[in-house]
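Report on the following structure.
These values consider heavy atoms only, across backbone and side chains, with no hydrogens, waters or symmetry-generated copies. Whatever order the structure lists them in is the order used to number ligands and atoms, beginning at 1.
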Amino acid sequence: MRILLVGCSGFVGRALVPQLLAAGHQLVLISRSSAPLAAVQSPQLQRLQADPAQAATWQLPAVQEALATSEAVINLAGEPIAEKRWSDAHRALLTSSRIHTTRALVAAMQALPEGQRPQTLISGSAIGYYGTSETGRFSETSPAGSDFLAGLCQAWEKEAEAASSFARVVILRIGIVLGADGGALGKMLPVFRTGFGGPIGNGQQWMSWITRHDLCRLIGEALSKTAYQGTYNAVAPAPCSMVNFAAALGQALGRPSLLPVPAPILQLLLGDGAKVVLEGQQVLPERLQQQGFVFEDAELSAALARATT
Ligand SMILES: NC(=O)c1ccc[n+]([C@@H]2O[C@H](COP(=O)([O-])OP(=O)(O)OC[C@H]3O[C@@H](n4cnc5c(N)ncnc54)[C@H](OP(=O)(O)O)[C@@H]3O)[C@@H](O)[C@H]2O)c1
């Protein structure tokens, strides 16, 4: 397949791109950077520099040509959620980097003549769609939450859904992605390796996770199997509490994991962004299980064994 990739130069893309190349796909990677994923060398990988959040990107002849010759599009673009304090300006960037990018991408797909449009769009969202709760259990049919992230995810999904009049749209509500070199685990690992790790906040918040390995496998399957359509919770079937996650991580590393990280420290560093780690939600992959997706990392201990090496 020839696939156009947006927002695939980051933590997930670093693993996804080599996997798609190994499967024999031809890739066009659109990035704001001039040499995204510089370590990945392949004649099957073409790089185009442009700012995907800018509407003008999608009118560049090279981008239009790439879009018109692609069978599928994968869109994971978005300013990182939990890296900075959420000032008004940062909230606007979190929003525009997802909403405007997806809107402009879908408009560019739609503007192509019918026979030239990519037939598949796989687009990101997050389990933040459901809001946070210590007691609720969320499947794909659960209602959206009412906080900032829930609103952002709803608006993000709406933009991608606009492509469903002409393409097969798969929206992935992604959970906490586990990989050693990024995301939440990438931040926790150095501390846990010293033996000074422990649960963050009160420890009762839910962690609904998926290994990066399984997320990339899922994207590969959703590309090739047309039975995938609509919205899926991209989480493993074994969500756990933060306190259990910290204990399992300590065990995987052979280190103590008893020192809690108090919430105020994180709030000082991240402001509202700390919410992503201090509050969680229990999310289940109901539709993936109905679809028969087989998780290779279904249990936390196996997931951490893979994700910490
Ligand atoms: N990692 C997780 O635990 C997790 C959980 C839930 C949802 N997600 C979502 O899944 C997607 C991929 O996650 P990830 O961890 O791989 O994210 P990431 O490493 O932060 O990469 C996201 C990509 O978005 C693009 N991007 C960043 N800031 C941007 C901006 N201001 N405007 C336009 N594009 C921008 C970057 O592409 P270029 O620099 O190449 O332009 C980057 O490759 C994201 O949308 C994220 O919100 C991730």
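Inspection of the Thr102 and Asn75 side chains reveals an N or O donor paired with an N or O acceptor under 3.5 Å. For the 3.5 Å distance criterion, the side chains of His25 and Gln44 fail to qualify, holding no donor opposite an acceptor.
Classification of Asp181 and Arg212 as a salt-bridged pair holds, one side-chain N sitting under 4.0 Å from a carboxylate O.
Neither the backbone nor the side chain of Ile127 comes within contact range of ligand 1; no heavy atom lies under 4.0 Å. Only the side chain of Trp156 comes within contact range of ligand 1, with a heavy atom under 4.0 Å; no backbone atom does. For Pro36, no heavy-atom contact with ligand 1 is shorter than 4.0 Å. Residue contacts with ligand 1, taken as heavy atom pairs separated by less than 4.0 Å, do not involve Ala184 at all.
For a threshold of 3.5 Å applied to N or O pairs, the pair formed by Val12 and ligand 1 contains at least one separation below that value. The N/O atoms of Val177, backbone and side chain alike, include one that comes under 3.5 Å of an N/O atom in ligand 1.
Using cut-offs of 30° and 60° on the angle between ring planes, the pair Tyr232 and Tyr228 is tilted.
A heavy-atom separation below 4.0 Å is not found between Arg173 and ligand 1. Taking 4.0 Å as the cut-off, Gly175 counts as a neighbour of ligand 1 on heavy-atom distance.
Nearest protein neighbour of atom 47 (O) of ligand 1, counting heavy atoms only, is Arg98 NH2, 2.7 Å. Regarding atom 37 (O) of ligand 1, its nearest protein heavy-atom neighbour is Ser9 OG, 3.4 Å.
Aromatic rings of Trp86 and Phe148 (six-membered ring for Trp) have centroids within the 6.0 Å cut-off, being under it.
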Pair Glu279, Thr132 - check side-chain hydrogen bond (donor to acceptor under 3.5 Å, both in side chains), show working.
CA-CA 6 Å; Glu279 298 171 33; Thr132 63; 2.9 Å; yes
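Scanning for side-chain contact (heavy atoms from CB on, under 4.5 Å) contacts around Thr231 gives Glu157, Glu161, Ile171, Arg173, with sequence neighbours left out.
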